Amino acid sequence: MKKLLLLAIAILTTLSGFAQMQYGLVKDEDGYTNIRKGPGTNYAIVGRLDDGSLVNFEKAINGWCKVYTTYTDGEQEFLGYMAASKIVVPKRSGAWKYIGIVRDEDGYTNIRKGPGTNYAIVGKVKDGHCILYSGEYGDKWYKVYTQNGTFRGYMSANKILETESPAF
């Protein structure tokens, strides 16, 4: 988990100078997606990224993307290939403005129906996952959005590590 968090922070803090590179978020109902040695399921698995992780990628071959990490000095490392269907580039609807990383010692934090603990829980996000968010409400609450950019609910601002947001 620490490696994944360091990977997300490194990508978030350094914007790539390569025009073909894009940022996206991993979206997989299984909770993670595999990184493979080549562009297909017949290639060996060389790693994995959790659902909600930020990923730096470029389109590759037959529905597969080349996946990279970016270090703080701007150098990139090729990690492998990931199915393009598992990467979502959030639509910039004007609602969400920032990407943050969820930080909670309990391993997850709640998404609530309104800006306060008196509102019902409508979802949970794992520690280390990226979250799209916007503006402050009430006593330090943010509106949060799904990987697709759809409004989901509210999250306590002290549970979100604010980062530099890459341009989507």
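Just so it is clear, the structure is predicted and the values come from calculations on it, not from any experiment. Worth knowing before you read on, the calculation uses all heavy atoms, side chains too, and leaves out hydrogens, waters and symmetry mates.
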Visitor: Measure the spacing between OG1 of Thr33 and NZ of Lys86 and express it to the nearest 0.5 Å.
Guide: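 Spacing of OG1 (Thr33) from NZ (Lys86) equals 5.5 Å.
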Visitor: Grouping I, L, V, M, F, W and Y whenever their side-chain heavy atoms are under 4.5 Å apart, do Val55 and Ile45 come out in a common cluster?
Guide: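 Hydrophobic grouping puts Val55 apart from Ile45.
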Visitor: Are Phe78 and Tyr43 linked, directly or through intermediate hydrophobic residues, by side-chain heavy-atom contacts shorter than 4.5 Å (ILVMFWY only)?
Guide: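 In one cluster with Tyr43: Phe78, no.
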Visitor: What orientation do Phe151 and Tyr145 show, parallel under 30°, tilted 30 to 60°, or perpendicular over 60°?
Guide: perpendicular
Visitor: Kindly say whether Thr41 contributes a backbone atom to a donor-acceptor pair with the side chain of Arg36 at under 3.5 angstrom?
Guide: yes
Visitor: Rounded at 0.5 Å granularity, tell me how far OG in Ser85 sits from CH2 in Trp64.
Guide: 8.0 Å
Visitor: Let me confirm one number: the OH-CD distance from Tyr68 to Glu77, rounded to the nearest 0.5 Å.
Guide: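 That separation rounds to 11.0 Å.
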Visitor: Strictly distance-based, threshold 3.5 Å: is any side-chain N or O of His129 a donor or acceptor partner for the main-chain N or O of Asp51?
Guide: yes
Visitor: What's the verdict on side-chain contact (heavy atoms from CB on, under 4.5 Å) for Ile111 and Val125, showing C-alpha distance, side-chain angles and the deciding distance?
Guide: CA-CA 7 Å; Ile111 298 174; Val125 181; 3.4 Å; yes
Visitor: Does the pair Leu132 and Leu25 meet the rule for a side-chain contact (heavy atoms from CB on, under 4.5 Å), with working shown?
Guide: CA-CA 10 Å; Leu132 305 175; Leu25 295 169; 4.0 Å; yes
Visitor: Take Tyr81 and Lys37 through the test side-chain contact (heavy atoms from CB on, under 4.5 Å) and record every step on the way to the result.
Guide: CA-CA 6 Å; Tyr81 292 82; Lys37 190 170 188 171; over 6 Å; no
Visitor: Say whether Tyr108 and Ile131 are linked into one hydrophobic cluster, either directly or through other cluster members, by side-chain heavy-atom distances under 4.5 angstrom.
Guide: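 Per the 4.5 Å side-chain linkage, Tyr108 and Ile131 are not co-clustered.
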Visitor: Donor-acceptor pair, distance only, cut-off 3.5 Å: does the side chain of Arg152 make one with the backbone of Val122?
Guide: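 Between the backbone of Val122 and the side chain of Arg152 there is a qualifying donor-acceptor contact (under 3.5 Å).
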Visitor: For Ala84 versus Cys65, what's the shortest heavy-atom pair and its separation?
Guide: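 For Ala84 and Cys65, the tightest heavy-atom pair comes out as CB-SG, 3.6 Å.
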Visitor: Tell me if a side-chain donor or acceptor on Asp127 pairs with a main-chain N or O of Asp104 at a distance below 3.5 Å.
Guide: yes
Visitor: Run Val102 and Lys126 through side-chain contact (heavy atoms from CB on, under 4.5 Å) and show every step you take.
Guide: CA-CA 7 Å; Val102 174; Lys126 287 184 184 178; over 6 Å; no
Visitor: Would one find more than 12 heavy atoms of other residues, nucleotides or ligands at under 6.0 Å from atom CG of Asn42?
Guide: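 Counting neighbours around CG of Asn42, more than 12 heavy atoms of other residues, nucleotides or ligands fall under 6.0 Å, so yes.
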Visitor: Supply the atom-to-atom distance Ile160 CD1 to Trp141 CH2, rounded to the nearest 0.5 angstrom.
Guide: 10.0 Å
Visitor: Just verifying a value: how many Å separate Asn158 CG and Tyr142 OH, rounded to the nearest 0.5 Å?
Guide: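 OH of Tyr142 is found 9.5 Å from CG of Asn158.
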Visitor: If you round to the nearest 0.5 Å, how far is OH of Tyr133 from CE of Met155?
Guide: 11.0 Å
Visitor: Are side-chain heavy atoms of Met82 and Ile87 found at a separation under 4.5 Å?
Guide: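 In contact.
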